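Here's the structure we're looking at; comments come further down.
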Amino acid sequence: MNRAKIRRILTLISLLLFPITLNFFSPYVSIDGAFNGIISGSVIVFILLFLSGLLFRRAWCSYVCPVAALSEYTEKINGKSVNRKRLRIIRYSIFALWFITLVSGFIIAGGIKGIDPFHLTENGFSVDMPLKYITYYLVLGSLFILTLTIGKRGACHSICWMSPFMVAGAWVGDKLNLPQFKIVSDHSKCIHCSQCDKVCPMSISVMKDQKNGSIMTQDCILCGQCVDVCPKKILSIKCQKRKTK
Ligand code: SF4
Ligand code: SF4
Ligand code: SF4
């Protein structure tokens with residue numbers, strides 16, 4: 001089975017499990033926990049995302065996140081590239097607001113009083129009664145509409161509160177010169193066909209970025225679509241340090 005197929009199956013399973021896992025990704029649950037002095041399951045997931053970023057950069061966005069499958073199905077309706085830099089401003093503004101609220105919550109609660117991974121879930125289930133499906137479909141609908149109107153991975157670029165944790169992890173890992181998974185290129189053999197640009201779900205100019213020998217933008221989710229489409233086979237996913245002796 002090839003990488004693309006494995007990825008499609010994994011993300012579809014993740015999307016089907018979203019009614020169970022929703023609250024473990026929820027910014028609301030983390031804030032509710034913070035105001036009660038509780039480290040909830042979603043805060044634990046955000047910490048794990050930071051740690052995964054150290055080595056895997058943003059691979060989570062390609063292989064695990066439930067929004068990945070939703071985004072890829074929506075891309076078939078609206079597959080236009082997006083202005084990543086402009087959307088990044090919106091995303092980080094939302095993230096900053098949420099993060100300040102989270103920290104304020106813990107301060108107001110008088111610090112961390114406990115850890116409850118299942119906070120606001122029913123024994124680990126997020127959507128445990130028919131009424132909660134309203135919240136679930138509201139979340140799903142918003143993510144769908146954002147992607148549909150903005151373009152490729154529109155929700156990921158504009159509102160994702162999780163990606164900054166991976167970006168921070170990737171940044172720290174890079175500064176510590178840890179080995180990291182990344183797209184590397186034998187750039188001298190590029191024939192500038194731009195096939196890689198066309199397939200990139202994150203609207204990255206792969207053809208331009210690969211000239212540096214590797215794709216180091218924070219937006220690369222290591223999906224490998226550029227690797228698979230390149231007619232010269234000069235792109236690959238490798239685990240390596242930035243500085244090699
Ligand atoms: S950017 Fe956010 S919503 Fe999109 S795949 Fe990554 S973690 Fe999921
Ligand atoms: S640069 Fe390649 S691996 Fe990275 S997101 Fe784009 S297509 Fe996927
Ligand atoms: S697909 Fe390969 S050969 Fe074509 S522009 Fe991209 S890196 Fe260069």
Side-chain angles (χ1 to χ4, degrees), residues 3-4 7 10-11 14-15 18 21-22 24-27 42 45-46 48-50 52-53 56-75 79 81-82 84 87-88 90-92 94-95 98 139-140 142-144 146-147 150 152-170 180-238:
R3 178 181 43 233
R7 221 170 54 73
L10 288 178
T11 53
S14 181
L15 182 61
F18 203 22
T21 58
L22 176 68
F24 294 94
F25 309 128
S26 165
S42 51
V45 169
F46 300 150
L48 292 175
L49 287 180
F50 170 80
S52 86
F56 297 105
R57 298 179 65 84
R58 285 188 60 186
W60 162 279
C61 301
S62 267
Y63 298 87
V64 190
C65 184
V67 183
L70 181 78
S71 301
E72 284 174 21
Y73 295 130
T74 315
E75 190 182 318
S81 294
V82 303
R84 293 184 291 133
L87 291 171
R88 203 176 285 163
I90 302 172
R91 179 162 46 114
Y92 280 104
I94 295 171
F95 177 79
W98 167 77
V139 172
L140 215 60
S142 316
L143 295 168
F144 173 71
L146 274 170
T147 307
I150 298 173
K152 284 183 186 178
R153 294 247 177 183
C156 298
H157 286 292
S158 59
I159 60 155
C160 180
W161 54 93
M162 297 188 278
S163 58
F165 289 101
M166 287 171 270
V167 172
Q180 292 186 322
F181 284 92
K182 60 188 79 164
I183 300 291
V184 295
S185 161
D186 189 357
H187 54 98
S188 60
K189 293 183 184 152
C190 178
I191 54 167
H192 307 106
C193 65
S194 80
Q195 294 294 320
C196 46
D197 286 10
K198 284 187 198 129
V199 296
C200 179
M202 293 301 282
S203 309
I204 297 165
S205 178
V206 188
M207 186 168 75
K208 188 166 143 248
D209 286 16
Q210 61 84 32
K211 283 183 194 151
N212 302 320
S214 60
I215 311 279
M216 291 305 286
T217 163
Q218 58 169 272
D219 290 322
C220 177
I221 57 172
L222 293 170
C223 65
Q225 293 193 53
C226 54
V227 175
D228 296 337
V229 81
C230 178
K232 301 302 283 180
K233 301 288 169 218
I234 60 170
L235 302 171
S236 56
I237 299 179
K238 285 202 175 130

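First listed ligand is number 1; within each ligand, the first listed atom is number 1. Only this structure's heavy atoms are used, side chains among them; waters, hydrogens and symmetry mates stay out. It should be emphasised that the depicted structure is a prediction, and the values quoted were computed from it without experimental measurement.
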Between F46 and F165, how do the two ring planes meet: parallel, tilted or perpendicular, split at 30° and 60°? parallel

Measure the acute angle between the ring planes of F95 and W98, then classify it against the limits of 30° and 60° as parallel, tilted or perpendicular. tilted

Would a distance-only check, ignoring hydrogens and angles, find a side-chain to backbone donor-acceptor pair under 3.5 Å from R57 to K182? no

To the closest 0.5 Å, what do you measure between [atom1] ([X]) and [atom2] ([Y])?
X    : Y    : atom1 : atom2 : result
S71  : R153 : OG    : CZ    : 5.0 Å
C226 : M202 : SG    : CE    : 12.5 Å
N212 : Q210 : CG    : CD    : 8.5 Å

Could you see which bit of S194 sits under 4.0 Å from ligand 3, with heavy atoms only: side chain, backbone, both or neither? backbone

Does only the side chain of K189 get under 4.0 Å from ligand 3, or the backbone, or both, or neither? Count heavy atoms. neither

Provide the number and element of each atom of ligand 2 under 4.0 Å from a heavy atom of I221. 4 (Fe), 5 (S)

What atoms in ligand 2 come closer than 4.0 Å to a heavy atom of I183? 3 (S)

Proximal ligand 1 atoms for [X], defined as those under 4.0 Å from one of its heavy atoms:
X    : answer
R153 : 5 (S)
C160 : 1 (S), 2 (Fe), 3 (S), 7 (S)
M166 : 7 (S)
W60  : 7 (S)

Distance from [atom] to nearest protein heavy atom, with residue and atom:
atom                    : answer
atom 2 (Fe) of ligand 2 : C226 SG, 2.3 Å
atom 3 (S) of ligand 2  : G224 N, 3.3 Å
atom 6 (Fe) of ligand 2 : C200 SG, 2.4 Å
atom 1 (S) of ligand 1  : R58 NH2, 3.2 Å
atom 8 (Fe) of ligand 2 : C223 SG, 2.3 Å

Under a heavy-atom criterion of less than 4.0 Å, does V206 contact ligand 3? no

Between Q180 and M216, is a side chain to side chain contact (heavy atoms under 4.5 Å, CB included) present by the stated rule, with each step listed? CA-CA 10 Å; Q180 292 186 322; M216 291 305 286; 4.3 Å; yes

Got more than 12 heavy atoms from elsewhere within 6.0 Å of NZ, K189? no

Test side chain to side chain contact (heavy atoms under 4.5 Å, CB included) on I237 and F181 and set out the steps. CA-CA 7 Å; I237 299 179; F181 284 92; 4.2 Å; yes

Residue-ligand contact F25/ligand 1, heavy atom below 4.0 Å: no

As an exercise, identify every atom of ligand 3 less than 4.0 angstrom from a heavy atom of [X].
X    : answer
I234 : 7 (S)
C230 : 1 (S), 2 (Fe), 3 (S)
P231 : 1 (S)

D219 with R91: basic N within carboxylate O range, under 4.0 Å: yes

Salt-bridged, K232 to D186, with N to O below 4.0 Å? no

V167 and R58: CA distance, side-chain angles, deciding distance, side chain to side chain contact (heavy atoms under 4.5 Å, CB included) verdict: CA-CA 7 Å; V167 172; R58 285 188 60 186; 4.0 Å; yes

Is the distance between atom 8 (Fe) of ligand 3 and the nearest N/O/S atom of C190 smaller than 2.8 Å? yes

Could you name the option among P201, G154, C156, C61 that has the heavy atom nearest to atom 4 (Fe) of ligand 1? C156

